[in-house]
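Taking it in order: structure first as structure tokens, then the write-up.
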Amino acid sequence: MTGLSSADRASDRRADRAVVRSIVAASGSSFALGMSILPPVRRDAIRAVYAFCRIVDDIADGDSPMGTDPAACAAALDAWEEEIVRAHGGIPRTAVGAELARAIDRHDLPQAEFLLLLDGMRMDAACIVAPSGEMLTAYIRRVAGSVGVLSMHCFGAWRGHSSERFALSLARGLQLTNILRDVAEDARRGRLYLPAHVLRGAGLPDDPKAAVDHPALPRARAILGREARAAYAEAALEIPSHSRARLLPALMMMGPYERLLGRMEDDWTVVPPRRSGVGKLIDGTRRVLARGG
Ligand SMILES: CC(C)=CCC/C(C)=C/CC/C(C)=C/COP(=O)(O)OP(=O)(O)O
């Protein structure tokens, strides 16, 4: 960045921020509303983290320009690992990397959490089917726990061990709820995140397509639903050790997803369409983001 005038730097910054904002807005994520209430510097940081998550998630899902070619996806994830290291060294190459570098610098975001997230994406790219309970826990720690830890830093809510417990439990609750909601869509992609002990307990086969059409699916979803419920309860125990104001964006992510779990608990035979439970927030959120909210 040396050699640039301050006007050039400001213009680069605006362009980087616009790239990140458009990625978050296009994702239509149910978590965007929680991000939008933050003060601008913290909001820019969490959006950069989220844009990075979206990009690497699309690579792992085969939805990026790399398509589903395993070697191309692996190379793309490796390139993002390099960009994370560069961002931590203050020499990013991409717009998202530049916004991440600013967030890392301001909010002391741990590099290890970004690398864990990338490891989780590699697990996803390799296609997860009926994992062991330990493997599912490790996967969730990587793909969601990392986002929870990074989010708490971006929110200015980090208070050590209690914050780690809160972030990891909430991330587990959200991810399990997401798995329960998206079971049919995941099966179409050849994935089945319901763990082997749950499948066995309900008498389900471990083939994704056979499992989603099986009459015992509601029983399996109910078993995993209890694990999601327990994770939210563990997260709730840590709320009083935090400033409510600092935790508010996280609580705004927790509320709609907990209510979605509640609706699924009412009738496990219904698999809600993707994002139906939180969908009402999305249009409003898109409008907030479009206004620069
Ligand atoms: C402390 C704290 C904030 C912890 C939570 C960490 C967190 C946000 C983890 C992500 C888990 C998850 C279900 C992502 C799906 O995102 P998505 O955008 O695809 O969700 P959607 O499909 O419902 O929009």
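Keep in mind that this is a model prediction, so the values were computed, not measured.
When the side chains of ILVMFWY residues are joined at heavy-atom separations under 4.5 Å, either directly or via intervening members, W80 and V85 end up in two distinct hydrophobic clusters. Each of I104 and L116 belongs to its own hydrophobic cluster when Ile, Leu, Val, Met, Phe, Trp and Tyr are linked at side-chain heavy-atom distances under 4.5 angstrom. No path of Ile, Leu, Val, Met, Phe, Trp and Tyr side chains, each step under 4.5 Å between heavy atoms, connects L237 with F166, placing them in separate hydrophobic clusters.
Between D61 and R191, the closest side-chain pair of non-hydrogen atoms falls below 4.5 Å. Residues M152 and L247 form a side-chain contact, since some pair of their non-hydrogen atoms from C-beta on lies under 4.5 Å apart. Here the side chains of I239 and L251 are in contact, with some heavy-atom distance below 4.5 Å. Side-chain contact check for S29 versus V24: every heavy-atom pair is 4.5 Å or farther apart. In this structure, the side chains of H88 and L100 stay at 4.5 Å or more apart for every pair of heavy atoms. Residues R42 and R246 form a side-chain contact, since some pair of their non-hydrogen atoms from C-beta on lies under 4.5 Å apart. Between L176 and L136 there is a side-chain heavy-atom pair separated by less than 4.5 Å. Between M35 and M253, the closest side-chain pair of non-hydrogen atoms falls below 4.5 Å.
In this structure, D58 CG and I23 CD1 are separated by 9.5 Å, a value rounded to the nearest 0.5 Å. For the atom pair CD1 (I46) and OG (S151), the distance works out to 3.5 Å, reported to the nearest 0.5 Å. Within the model, atoms CG of L260 and CZ of R181 stand 6.5 Å from one another, a figure rounded to the nearest 0.5 Å. Taking CD1 from I140 and CG from N178, the interatomic distance works out to 9.5 Å, rounded to the nearest 0.5 Å. Note that the NE2 atom of H153 and the OG atom of S163 stand 8.0 Å from one another [nearest 0.5 Å]. Once rounded to the nearest 0.5 Å, the distance linking CE of M252 with OH of Y257 reads 15.0 Å.
In terms of modelled atom types and a separation under 3.5 Å, the side chain of R219 and the main chain of A202 share a donor-acceptor contact. Judged by distance alone, with hydrogens and angles left aside, the side-chain atoms of S11 form no donor-acceptor pair with the main-chain N or O of A7 at under 3.5 Å. The closest donor-acceptor contact from the side chain of R142 to the backbone of L117 lies at 3.5 Å or more, if one exists at all. Under a 3.5 Å cut-off, the side chain of R165 and the backbone N or O of E238 do not form any donor-acceptor pair. The closest donor-acceptor contact from the side chain of E83 to the backbone of R93 lies under 3.5 Å. With hydrogens and angles ignored, the 3.5 Å screen pairs a side-chain donor or acceptor of Y232 with a backbone N or O of G173. Under the 3.5 Å distance criterion, the side-chain polar atoms of D69 are matched with a main-chain donor or acceptor of A72. A donor-acceptor contact shorter than 3.5 Å links the side chain of H214 to the backbone of A216.
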Worksheet entry | Stepwise side-chain contact (heavy atoms from CB on, under 4.5 Å) test for L174 and E258 | CA-CA 8 Å; L174 297 178; E258 235 190 319; over 6 Å; no
Worksheet entry | salt bridge (Lys or Arg N to Asp or Glu O under 4.0 Å) assessment of R189 paired with D186 | CA-CA 5 Å; R189 293 176 185 268; D186 291 333; 5.2 Å; no
Worksheet entry | Audit row: D182, R188, salt bridge (Lys or Arg N to Asp or Glu O under 4.0 Å) steps and yes/no | CA-CA 10 Å; D182 294 345; R188 278 193 290 280; over 6 Å; no
Fill in: salt bridge (Lys or Arg N to Asp or Glu O under 4.0 Å) evaluation trace for D206 with R200
CA-CA 9 Å; D206 62 10; R200 260 197 321 274; over 6 Å; no
Practice prompt. Start with the C-alpha gap between M121 and D57, add the side-chain angles, then the distance that decides, and say whether side-chain contact (heavy atoms from CB on, under 4.5 Å) holds.
Written response: CA-CA 6 Å; M121 294 303 151; D57 190 50; 3.9 Å; yes
Worksheet item: Run the salt bridge (Lys or Arg N to Asp or Glu O under 4.0 Å) check on R9 and D16 step by step: do they pass?
Response: CA-CA 10 Å; R9 275 199 300 273; D16 296 342; over 6 Å; no
Item to complete: List the steps and the verdict of side-chain contact (heavy atoms from CB on, under 4.5 Å) for V56 and L77.
Response: CA-CA 7 Å; V56 295; L77 292 174; 3.9 Å; yes
Worksheet entry | S146/F114 under side-chain contact (heavy atoms from CB on, under 4.5 Å): CA gap, chis, key distance, verdict | CA-CA 7 Å; S146 59; F114 289 99; over 6 Å; no
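Considering all non-hydrogen atoms of both residues, S162 and S241 come closest at OG-OG, 3.2 Å. For the residue pair I37 and P249, the shortest heavy atom distance occurs at CD1-N, 4.0 Å. Of all non-hydrogen atoms in L118 and E81, the two that sit nearest each other are CD1-CA, 3.5 Å. Contact detail for L217 and V212: the closest heavy-atom pair is CD2-O, 3.6 Å. The two atoms that bring C73 and I59 nearest to each other are SG-O, 3.5 Å, heavy atoms only. Shortest non-hydrogen contact noted between L180 and G225 is CD1-CA, 3.7 Å.
A donor atom on one side chain and an acceptor atom on the other are not found under 3.5 Å apart for T269 and R221.
Enclosure of atom CG in D108 is not indicated, since only 12 or fewer non-hydrogen atoms of other residues, nucleotides or ligands lie within 6.0 angstrom. Within 6.0 Å of the CE atom in M66, the count of heavy atoms belonging to other residues, nucleotides or ligands exceeds 12.
Ring centers of Y193 and Y139: under 6.0 Å apart, within the cut-off. Between Y50 and F31, the gap from one ring centroid to the other reaches at least 6.0 Å. If you look at H107 and F155, their ring centroids are not closer than 6.0 Å.
Considering R17, R47, R21 as possible partners of E99, the one that fulfils the side-chain contact (heavy atoms from CB on, under 4.5 Å) test is R17. Just one of L192, V198, L199 meets the side-chain contact (heavy atoms from CB on, under 4.5 Å) condition when paired with P195; it is V198.
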